[in-house]
Each structure stands twice: as C-alpha cells, then as structure tokens.
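Below is one structure, written out as structure tokens; comments come after it.
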Amino acid sequence: MKCSFCDEQALYVRPYDKLALCHEHFNGKMQKRVQKTITRYNMLKRGDRIAVGVSGGKDSIALLDILHKIEKDFPESEIVAITIDEGIEHYREEGMHYAKLHVSRLGIEHHVFSFEKDFGHDLDSIINKLGARGKDRELGACSYCGILRRNILNKAAKEVGADVVLTGHNLEDEAETILLNIIRGDIQRLGRLNPTPRKIHESLVPRAKPFRATPQAEIVMYCLINELEYQEIQCPYAIEAYRGDVREFIFKTQEKQPMLCYNIVRGQDKLLASIKEIKPKQELRNCKECGNATTGDLCKTCWLKQQLDN
Ligand code: SF4
Ligand code: ZN
C-alpha cells in the first residue's frame, strides 16, 4: 500500500482515520501532534528549562527523541533528563541502560535520583517490610512507588532548576486515569487533571504530558521504525496494579471503537472548559515534616516514612 501523501511504501495505517503513512510522513505526523499538543495546552514557554522523566520505556524514549527534534527550533529552551531508580531488582537495571543510551546519543544532560538515596529505602525493601499489599491492605507496590516517584521527580526537578516536568503518559494512560476518577467518583481529582501545567503549590513544579493525544500503538511504531531500543519487560510488581481492569476494558473496546480514548480525553477537556472551577475539598497546605504540598498534616511521603519506622 502506498503512503497517503507520497509514492513511498506505507508502514502504518492509522485505525481511526485510515491514513496510510510512510516512514517520513509517520515521523512528521508524530512530531506535529506533539507540537500541537504542547501549543494547544500552553505546556511550554520560550526559554523554559524542561525536565523530562526518562524511565527507559518506550514512551519516555520516544518523547525524549521527539522533543529533541522540536527543541532544535527553540534553542533558547533546554532539555534535561531525569531518571529515577526505584530499586527493583532484575528490572530497573535494564531501563537505566536504555535511558543512559538515548540520553547520551542525544547529548542531553542527565540526572539520576533513587529511592534509596533520596528516601532511604528502595522499593524492594519497602515491599519486604510492609508486604506487597501494605499494612493497611489498601496500598500495593504501585501506590508506594507512585507516591515516592512523584515526590522524587518533583525534588529532582527543583534541584536541576526545571520550570516544568514532562512525562511520557500517552493517550491510553490519560483515558485510563480519567475513567478511574469517574469510577471512583473522585470529582476533585478529575478537576485537577488539567492538561495545562499550573503552579498549584509553591513546593510543586508544574507537570505536563505532551503524549496525551498520542496512541500507544504509534509510540511503539515510532520506536520500531526509528530503531530506538527500549525496555520491554514488565515490572515484576505490575501484575497487582489496580488499573489493570480499566486498562483491559480500554484495549478491548478500542478494537471496535478506535476513537474511544480520544473521545474520553476530549470529553474531559470539554468538561473542564465548561465548568468554572471544582472547589477543592481541602486547600493544599505545607506538610508539617517536610513542607511539601498536602491536604492533611503529613504528605504521603512522610506518612510512608512513618509506616516504615514503626
Ligand atoms: Fe512502580 Fe508499579 Fe510501575 Fe512497577 S509497575 S514501576 S511498582 S508503578
Ligand atoms: Zn512531608
């Protein structure tokens, strides 16, 4: 089959609009969509120091590669890569290898932070101590991991002087988060899921997701045709992720309805645009231990520290 835009052989046919794309036009469309997403949601400003979270998986590697191409037109901005080592044996080492490989190939400044060094415990030892389902049986490995990764990524962003943090969350990830908040009836979180990075607390560096309109399949394809190697094995704790059921629903339904995730994400955008403001139940204040943003007395990181010290 020929490319819809030239005489070259098509490598990919987009299921939602049936456009057939050759290598060059596929790359062009990917880059354009990221640029459009950044502009549409005011994700970046000229001269920003941009921290990109790079785990070594397909999303972060593809994002870094595309941002590096875009950045050539904005030499006053600067990209810096941040990798966080959670301390997951037989897993993190490989991701770290790919993160380093691509960061050095692109000549980008790289900073590595770790749970062990920046929190005092790695994830494996936290799970050993608290159990995979946690003391209160409500939190699993991914919840601990998420709490610490958010905290350390924010700390890292401040340390490297970043104005904004970009992460590789893709269209399906975003749709999944929106659906989860609806299922849980968590309107506050749904309201906070704003694609435009905002300074919601003095201690937090604003974050954005330039891949929020890019389907996972296209990210995989981008890595494949551009020969970008990435970590493919799954985290050993992923199996217990609570998001699993919603994810399964999305991928099953998407086969019959290729616009599913676009519709969910666009629906969220329209919802945010049509409501003035969802008043937070509690205002953000400073954690009494570390000063970071929290709705209670202690932030989740300090709470986790207490659990481990008990
Ligand atoms: Fe962390 Fe869970 Fe992701 Fe593993 S699957 S890296 S535990 S969030
Ligand atoms: Zn705290």
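Each ligand, and each atom within it, is numbered from 1 in the order the structure gives. Quick caveat, the model's predicted, so the values are computed rather than measured. Residue indices begin at 1 and follow the sequence shown.
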Angle in degrees, rounded to 10°, that SG of C290 and SG of C302 form at the Zn ion (ligand 2): 110°

Given 3.5 Å as the limit, does a donor-acceptor pair link the side chain of D65 with the main chain of I61, or not? no

Test side-chain contact (heavy atoms from CB on, under 4.5 Å) on I82 and V54 and set out the steps. CA-CA 6 Å; I82 294 174; V54 181; over 6 Å; no

For C145, the atoms of ligand 1 under 4.0 Å from one of its heavy atoms are 1 (Fe), 6 (S), 7 (S), 8 (S)

Check: L166 and R207 side chains under 4.5 Å, non-hydrogen atoms: no

With atoms numbered from 1 as shown, which atoms in ligand 1 lie under 4.0 angstrom from a non-hydrogen atom of R149? 1 (Fe), 3 (Fe), 8 (S)

Which of the numbered atoms in ligand 1 are below 4.0 angstrom from a heavy atom of L123? 7 (S)

A side-chain contact here means heavy atoms from C-beta on lying under 4.5 Å apart; do P215 and N170 qualify? no

Side-chain donor or acceptor of N226 paired with backbone N/O of Y222 under 3.5 Å: yes

Taking both backbone and side-chain atoms into account, decide whether C235 has an N/O/S atom under 2.8 Å from atom 2 (Fe) of ligand 1. no

